**Student:** 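I am attaching a structure below and will ask some questions about it afterwards.
In what follows, every chain begins at residue 1, and chains take the letters A, B, ... in the order their sequences are listed. Predicted model, so just to flag it, every value in this text is computed and none were measured.
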Amino acid sequence: METAPNWEIVIGLEAHVQLDTRSKIFSGAATRYGAAPNSQACGVDIALPGVLPVLNRKAVECAIRFGLAVDARIAPVSVFARKNYFYPDLPKGYQISQYEAPVVVGGTVAIVVAEAEKSIRLVRAHLEEDAGKSVHEDLDALLPDRGSHALSGIDLNRAGTPLLEIVSEPDLASAAEAVAYAKALHSLVRWIGICDGNMQEGSFRVDANVSVRRAGTTTLGTRCEIKNLNSFRFLERAIRCEAARQIAIIEEGGHIVQETRLFDPGQDETRAMRSKEDAHDYRYFPDPDLLPLTIADDWIAAVARALPELPHAMQGRFQSDYGLSAYDAKVLTSSPDIARYFESTVAACGEPAASFAKPCANWIMGELSARLNRADSEAGEGFEVFPIRPAQLSRLVQRIQDGTLSSKLAKMVFDALWSGEADDVDLLIEQRGLRQVQGSDALAPLVDQVIAANAKSVAEYRAGKDKALNALVGQVMKATQGKADPQQVGALLRQRLEGD
Amino acid sequence: MHGLTLHELGRALAERQISSMELTQRLLADIGRAAEPLNAFITVDPERALAAARAADQRRAMGDAAPLLGIPIAHKDIFCARGWRTTCGSRMLEGFVSPYDAGVVESCERAGLVLIGKTNMDEFAMGSSNETSFFGPVHNPWDPARVPGGSSGGSAAAVAARLVPAATGTDTGGSIRQPAALSGITGLKPTYGLVSRFGMIAFASSLDQAGPMATSAEDCALLLDAMAGFDPRDSTAIEYLPDGAANASGEQWRRYQRALAELAAVDRPLADVRIGLPEQYFGPGLSDDVRAAVDAAIDQLGRLGARTKSVSLPNSALSVPAYYVLAPAEASSNLSRFDGVRYGHRAAEYADLMEMYCRSRAEGFGAEVRRRILIGTYVLSHGYYDAYYVKAQKIRRLIADDFARAFRDVDVVLGPTAPSVAFPLAAKSADPVQMYLNDIFTIPANLAGLPALSLPCGFGEGGLPVGLQCVGPVFSEARLLAIAHRYQACTDWHRRMPPRPWM
């Protein structure tokens with residue numbers, strides 16, 4: 001069920017993208033994931049008295065890259081503000097963020113849902129620092145002396161990690177669109193090298209603002225915000241549950257209360273976290289410790305020059321240069337890794353590239369992707385650590401194209417490469433004698449033998465039972481130990497039987 | 001050795017008349033004797049001070065001839081100094097030992113100064129009398145029944161009593177100049193951004209500025225040469241001065257000392273100086289004795305060749321209300337880190353997180369700090385922000401414009417530093433507004449980010465010192481120091497010393 005009929009869902013997403021910088025946004029501490037608690041928190045991160053923030057220009061560069069990639073406006077002047085609230089994992093008692101004047105304004109992200117392209121508008125993207133983490137579980141090992149006190153631990157390694165918060169317009173009309181948008185964004189930030197995209201480690205998290213309205217109406221319903229969705233699956237399920245909950249309330253004559261909710265994947269439901277009434281008054285004001293962020297045109301130009309070819313442009317080039325379909329080009333540009341893999345494979349095949357492009361694309365989108373999906377479910381990662389190198393796959397494709405390998409043999413070679421049993425395609429073909437038996441000279445004697453030995457099947461075929469031919473083809477294949485092309489064998493058989 | 005200036009001590013050390021060890025020991029003894037009557041220090045650490053003195057003597061033996069090498073100095077207890085307790089005058093940080101050095105502490109150490117102790121101050125620099133300190137009030141050396149001014153009251157009293165030849169202070173709304181005036185010493189608040197704020201515990205970040213406090217303009221120049229300098233750890237620090245020179249500390253620069261030396265070579269050094277007298281600074285709020293001393297100083301400067309002219313700073317009266325919106329707003333946020341979670345005071349008993357916050361902060365902060373946190377929280381709140389914070393920022397701009405207009409006609413603006421001489425302890429502590437009005441002449445320079453200096457210009461009622469304030473355009477420190485130096489070359493107010501009954 002996508003939506004109850006007569007109802008429309010309106011969704012806007014806020015994505016928190018952890019920027020792939022070596023040091024934090026306002027301090028020199030490292031940002032590596034998984035370090036011992038508080039081992040990557042310097043004086044600035046733990047907010048000692050007297051310390052001051054200094055902006056990491058690398059983080060700004062990431063924001064500029066993103067702005068350019070989504071065709072947004074890069075603000076020449078943006079302002080860091082303090083968002084004030086008390087929480088133990090927020091050392092300063094305020095988060096440095098951008099409020100009234102964000103660094104990236106507007107922009108669009110293209111998504112494809114049910115084969116239709118849709119452009120999702122962005123409101124803004126702004127830089128901010130992450131908070132630390134409160135640790136409530138497994139404290140025994142960390143705090144062995146805590147006795148019977150109900151203590152919580154604070155790990156400030158993440159405090160000050162640079163984030164780009166990307167806010168979309170409420171342009172998304174279904175859970176499927178929301179997921180497509182989140183995936184497109186996820187792919188884009190990895191593509192332009194500003195985020196590692198690791199969702200398990202929280203490098204890419206999404207909040208969803210969801211409201212519903214009766215079909216045909218234009219005013220927005222009251223929305224609820226579902227916080228901290230760290231997988232596409234949860235995003236989809238959370239939106240479905242939340243929309244269903246809101247529709248049920250309204251249909252029963254109730255009202256939606258604006259509030260922040262959490263998704264509980266165990267119960268498959270969203271639960272209220274805090275309502276608008278007890279929402280914080282964050283008392284934003286410009287951070288007097290930081291000057292307004294000014295970005296000169298030549299900085300933007302320099303970042304633009306270093307920007308890789310963007311997926312949309314690359315997709316067009318794949319279509320025109322390689323003669324691929326729009327669908328193939330889209331899939332092959334879904335991540336920088338797969339695109340790079342594809343291009344390396346085609347290049348290794350030799351000229352003309354266009355004649356190898358389609359078979360390469362088929363192998364990558366088919367066999368390769370299927371195995372990668374089995375190996376790694378979420379992030380579409382793995383092409384960089386993939387066991388088959390582009391040079392190997394290109395040799396495989398070449399051997400199919402020149403008739404050495406049948407598709408069945410090619411599959412055997414592929415399996416051997418995947419498992420690591422074999423490394424060199426040609427050597428493997430030689431060693432195992434995987435060369436396809438082809439040409440009527442080689443096959444004709446075998447065909448004759450099979451016809452002679454299977455009078456019953458021959459009679460059935462001649463009596464009009466087409467299926468009987470399959471049995472004969474099977475016999476020939478068996479005689480070639482599977483190295484013949486079954487279609488060619490069938491043609492030869494038919495020729496011989498009908499020619500008589 | 002008593003009462004020698006930085007320059008004189010530097011010479012004595014260079015000529016080996018005394019070692020830094022001996023000098024430090026003598027001053028430590030004086031500080032010990034004055035501890036009870038003045039309460040100018042929060043922390044004195046003879047062991048560390050003597051270790052630093054020994055190191056300075058060694059540096060000299062190795063041939064180092066830095067002008068400040070081996071001279072003891074005190075830092076206001078707002079500067080973090082590694083291994084030193086750094087309290088900011090608050091119970092909140094009563095037991096806090098800093099793991100790092102402030103930029104100012106580092107540059108003073110580089111210059112060879114010996115840190116002898118941390119001076120008393122109003123809690124988190126919020127006060128004009130040094131009475132809000134958790135560590136008790138400081139007494140004015142000229143009259144122990146009176147306040148020394150604040151918030152750098154400990155530094156002012158220590159320098160006035162010649163317990164140290166110089167000290168650092170910080171000035172958010174007058175906290176260097178007002179206590180300098182009330183205690184009879186010379187103090188300079190530099191242009192915002194000239195001195196690093198890194199490691200200086202923030203009160204109101206857009207207004208805070210560190211500066212030198214000493215007995216003369218000449219010594220302030222010497223200490224400012226050590227303190228000033230770009231610090232990449234402070235994003236609001238200035239890297240280059242308008243004349244293209246690097247804002248750098250260190251021996252080879254001596255920007256401010258050179259300025260005074262150049263002045264000494266000129267015949268009538270004040271002949272070209274145009275002094276503006278703002279009518280708003282001489283209104284009914286000014287006490288007669290202060291007015292008389294300031295008038296006399298202006299006459300003196302006139303005799304030295306300066307031309308005076310009346311100017312108008314029409315928005316001056318708005319400076320106190322604007323300041324008491326902006327400074328508390330920033331403070332309410334700056335002081336949020338003192339939550340009892342990672343360091344600082346934590347309540348002994350609490351039922352939950354909220355209670356831990358509330359009790360720790362209620363116990364750790366004094367009344368004035370709590371008042372300003374409440375004011376600041378209020379003015380930043382949803383629905384009030386535009387009416388208070390935004391409006392105050394507009395006033396701030398108007399006040400800066402007032403000065404810019406005045407500086408089209410004059411080089412400096414001159415007037416009283418404070419409306420009266422030092423007032424008795426407890427006289428104003430029950431009435432915050434009266435206390436706040438004490439900063440009416442000093443606040444505008446902070447709002448406009450301008451350099452301003454206070455120097456002694458006579459004595460008023462009860463034989464208490466009067467301060468003369470000199471405000472200049474941004475980065476005019478050299479000129480302000482030069483004017484004050486010239487004045488001090490032909491007056492001796494700055495050489496007068498308070499009695500020392502404890503000796």
Side-chain angles (χ1 to χ4, degrees), chain A residues 26-28 38 41-57 80-96 99-100 132 134 136 149-156 159 276 278-294, chain B residues 78-80 86-88 90 92-93 96 98-103 124 196-202 204-208 231-237 326 329-330 332-344 353-354 356-357 361 376-385 389-390 393:
Chain A
F26 297 118
S27 84
N38 298 311
C42 68
V44 172
D45 304 321
I46 67 173
L48 285 179
V51 296
L52 296 170
V54 177
L55 179 60
N56 181 345
R57 287 176 66 87
F80 286 98
R82 293 184 182 178
K83 179 180 180 177
N84 294 284
Y85 65 97
F86 285 98
Y87 204 69
D89 64 18
L90 188 73
K92 294 187 293 299
Y94 57 84
Q95 177 196 29
I96 304 176
Y99 183 56
E100 284 179 328
S134 298
H136 305 294
H149 293 286
L151 292 180
S152 291
I154 306 294
D155 178 5
L156 296 177
K276 194 185 174 190
D278 45 48
H280 295 288
D281 179 353
Y282 291 118
R283 308 188 307 281
Y284 284 99
F285 74 107
D287 191 332
D289 286 333
L290 292 161
L291 300 176
L293 169 59
T294 56
Chain B
I78 200 169
F79 293 101
C80 286
T86 301
T87 69
C88 224
S90 180
M92 182 58 85
L93 292 176
F96 177 74
S98 174
Y100 79 103
D101 278 333
F124 284 103
S196 169
R197 291 191 299 114
F198 179 78
M200 192 176 112
I201 299 174
S205 313
S206 74
L207 301 160
D208 296 342
D231 185 341
R233 297 166 299 184
D234 172 3
S235 304
T236 60
L326 297 174
E330 293 184 22
S332 70
S333 177
N334 282 332
L335 269 57
S336 293
R337 69 188 57 199
F338 304 108
D339 56 6
V341 172
R342 299 168 315 289
Y343 54 78
L353 178 65
M354 187 53 73
M356 188 195 88
Y357 282 148
R361 287 168 64 81
T377 304
Y378 178 80
V379 300
L380 288 177
S381 293
H382 187 71
Y384 299 95
Y385 180 78
Y389 185 83
V390 173
Q393 289 288 20

**Student:** Give a yes or no answer on whether the side chain of B:R342 reaches the backbone of A:P91 with a donor-acceptor pair at less than 3.5 Å.
**Tutor:**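 Here the side-chain-to-backbone pair exists.
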**Student:** Would you mind checking which part of B:A329 comes under 4.5 Å of any heavy atom in chain A, side chain (CB onward), backbone (N, CA, C, O), both or neither?
**Tutor:**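 Backbone of B:A329 only, per the 4.5 Å heavy-atom cut-off to chain A.
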**Student:** For chain A, find which of B:A204, B:G340, B:G103, B:S205 contributes the most heavy-atom pairs closer than 4.5 angstrom.
**Tutor:**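 Most pairs with chain A among the choices: B:S205.
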**Student:** Minimum heavy-atom separation for A:P286 and B:Y385, please, with both atom names.
**Tutor:**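 Shortest heavy-atom separation between A:P286 and B:Y385 comes out as CD-OH, 3.4 Å.
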**Student:** Looking only at non-hydrogen atoms, find the nearest pair between A:V51 and B:F198 and report the distance.
**Tutor:**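 Heavy atoms of A:V51 and B:F198 come nearest at CA-CE1, 4.2 Å.
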**Student:** Work out which heavy atom in A:P49 is nearest to a heavy atom in B:C80; give both atom names and the distance.
**Tutor:**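 The answer is O-SG, 3.5 Å.
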**Student:** Using side-chain contact (heavy atoms from CB on, under 4.5 Å), reason through B:L380 and A:Y284 one step at a time and then give a plain yes or no.
**Tutor:** CA-CA 7 Å; B:L380 288 177; A:Y284 284 99; over 6 Å; no
**Student:** Counting heavy-atom pairs closer than 4.5 Å to chain A, which one of B:N334, B:V390, B:D339 comes out on top?
**Tutor:**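 Of the candidates given, the most pairs with chain A belong to B:N334.
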**Student:** Could you check if a side-chain atom of A:I46 sits within less than 4.5 angstrom of a side-chain atom of B:Y343, using non-hydrogen atoms only?
**Tutor:**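 Not in contact.
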**Student:** Give a yes or no on whether the backbone of A:P53 and the side-chain of B:S235 come within a donor-acceptor separation of less than 3.5 Å.
**Tutor:**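 A pair under 3.5 Å: yes.
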**Student:** Below 4.5 Å from any heavy atom of chain B, which atoms of A:N84 appear? Answer side chain, backbone, both or neither.
**Tutor:**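 Contact with chain B: side chain only.
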**Student:** Which one of B:G199, B:A202, B:S206, B:S98 has the most heavy-atom pairs closer than 4.5 Å to chain A?
**Tutor:**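 The answer is B:G199.
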**Student:** Looking at A:F285 versus B:Y389, is the centre-to-centre ring distance below 6.0 Å?
**Tutor:**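 So the answer is yes for these two rings.
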**Student:** Side chain, backbone, both or neither: which part of B:L207 has an atom under 4.5 Å from a heavy atom of chain A?
**Tutor:**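 Neither; nothing under 4.5 Å.
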**Student:** What part of B:P99 gets closer than 4.5 Å to chain A, counting heavy atoms only: side chain, backbone, both or neither?
**Tutor:**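 Only the side chain of B:P99 comes within 4.5 Å of chain A.
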**Student:** Please identify, among B:M354, B:Q393, B:R361, the residue contributing the most non-hydrogen atom pairs under 4.5 Å to chain A.
**Tutor:**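 It is B:R361.
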**Student:** Report which part of B:Y357 has an atom under 4.5 Å of a heavy atom belonging to chain A: side chain, backbone, both, or neither.
**Tutor:**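 B:Y357 touches chain A through side-chain heavy atoms alone.
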**Student:** Which bit of B:L93 is near chain A, if near means a heavy-atom gap under 4.5 Å: side chain, backbone, both or neither?
**Tutor:**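 For B:L93, side-chain heavy atoms alone lie under 4.5 Å from chain A.
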**Student:** Specify the closest pair of heavy atoms between A:R82 and B:E330, including all atoms of both residues, with the distance to one decimal.
**Tutor:**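 In terms of heavy atoms, the two residues are closest at NH1-O, 4.1 Å.
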**Student:** Tell me if a side-chain donor or acceptor on A:Y282 pairs with a main-chain N or O of B:S381 at a distance below 3.5 Å.
**Tutor:**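 No, the answer is negative, given that no donor and acceptor are paired below the 3.5 Å cut-off.
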**Student:** Where does B:Y384 contact chain A at under 4.5 Å (heavy atoms): side chain, backbone, both or neither?
**Tutor:**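 When you check distances to chain A, no heavy atom of B:Y384 falls under 4.5 Å.
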**Student:** Chain A heavy atoms under 4.5 Å from B:S332: which part of the residue, side chain, backbone, both or neither?
**Tutor:**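 No part of it gets close to chain A.
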**Student:** Using non-hydrogen atoms and a 4.5 Å limit, figure out which bit of B:F79 sits close to chain A: side chain, backbone, both or neither.
**Tutor:**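 The answer is neither part of B:F79.
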**Student:** Can you list the residues that meet the salt bridge (charged side-chain N to carboxylate O under 4.0 Å, His left out) rule with B:D234, with sequence neighbours excluded?
**Tutor:**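 Counting only residues at least two positions away or on another chain, B:D234 forms a salt bridge (charged side-chain N to carboxylate O under 4.0 Å, His left out) with B:R197.
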**Student:** Without swapping roles, check the side chain of B:R337 against the backbone of A:L48 for a donor-acceptor pair under 3.5 Å.
**Tutor:**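 Answer holds: yes.
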**Student:** Look up atom OH in A:Y94 and atom OG in B:S336, then write down how far apart they are to the nearest 0.5 Å.
**Tutor:**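 Answer rounded to 0.5 Å: 8.0 Å.
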**Student:** Looking at every non-hydrogen atom in both residues, tell me the closest pair between B:T236 and A:D289 and how far apart they are.
**Tutor:**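 Minimum heavy-atom contact is CG2-O, 3.8 Å.
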